[in-house]
Amino acid sequence: MKDNEKKVCDCGHEDCDCGCEDMEGVVELVTDDGKKMKFFFVGSIDYKGKTYSAFEPAEEIDGLSEDDLVIFEVAGGDDESEELLPIEDDALLDEVFEEFCRILDEEEMADEAMSLESDN
């Protein structure tokens, strides 16, 4: 970058310090009453014939800590008409959470194995 060029960040502002580069991968979810909340998208899984998506808070949200995982059932068709539904069955929520943890652990172990292979 030349001295006279200005850095333009993802939000479109020159020489921005808004933190937007820290917000990569953030999605904004809107509640039924119109409240907007920002989350990091963790991933989606298929479990027992349904799709579930998990999110972590990207900002301070009442009732949630920064390391909480929020899981929704994905209903609807394409990305434009998808709806995130709360999981009201506690037993099912526990099962889906455990499946997410299992998959994340497998991915972490695979990443570690690949890292070890590339070090050799």
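Atom set for the values below is all heavy atoms of this structure, side chains included, hydrogens, waters and symmetry mates excluded.
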Just verifying a value: how many Å separate [X] [atom1] and [Y] [atom2], rounded to the nearest 0.5 Å?
X      : Y      : atom1 : atom2 : value
Glu95  : Asp89  : CD    : CG    : 7.5 Å
Cys101 : Glu108 : SG    : CD    : 11.0 Å
Leu93  : Phe72  : CG    : CZ    : 10.5 Å
Glu98  : Asp105 : CD    : CG    : 9.5 Å

Is any side-chain heavy atom of [X] closer than 4.5 Å to a side-chain heavy atom of [Y]?
X     : Y      : value
Tyr52 : Ile87  : yes
Glu73 : Thr51  : no
Leu29 : Val70  : no
Phe55 : Leu84  : yes
Phe39 : Ile61  : yes
Thr31 : Met37  : yes
Ile45 : Phe100 : yes

Would you name the heavy atoms of [X] and [Y] that are closest together and state the gap between them?
X     : Y     : answer
Glu66 : Glu56 : O-CB, 4.5 Å
Ser65 : Pro57 : O-CG, 3.5 Å
Phe97 : Ile71 : CA-CD1, 3.8 Å

Check this for me: [X], atom [atom1], are more than 12 non-hydrogen atoms of other residues, nucleotides or ligands nearer than 6.0 Å?
X     : atom1 : answer
Tyr47 : OH    : yes
Glu88 : CD    : no
Asp33 : CG    : yes

**Study point:** N-O pairing of Arg102 and Glu106 below 4.0 Å
**Key:** yes

**Study point:** Leu69 with Val26, same ILVMFWY side-chain cluster at under 4.5 Å
**Key:**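 They do not share one cluster, since no chain of ILVMFWY contacts under 4.5 Å joins Leu69 to Val26.
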
Practice item. Please answer: with hydrophobic residues joined when any side-chain heavy atoms are less than 4.5 Å apart, are Ile103 and Leu92 in the same cluster? Key: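 As far as the 4.5 Å side-chain criterion goes, Leu92 and Ile103 are connected within one cluster.
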
Review point. Within the side chain of Glu59, is there an N or O that forms a donor-acceptor pair under 3.5 Å with the backbone of Lys38?
Key: yes

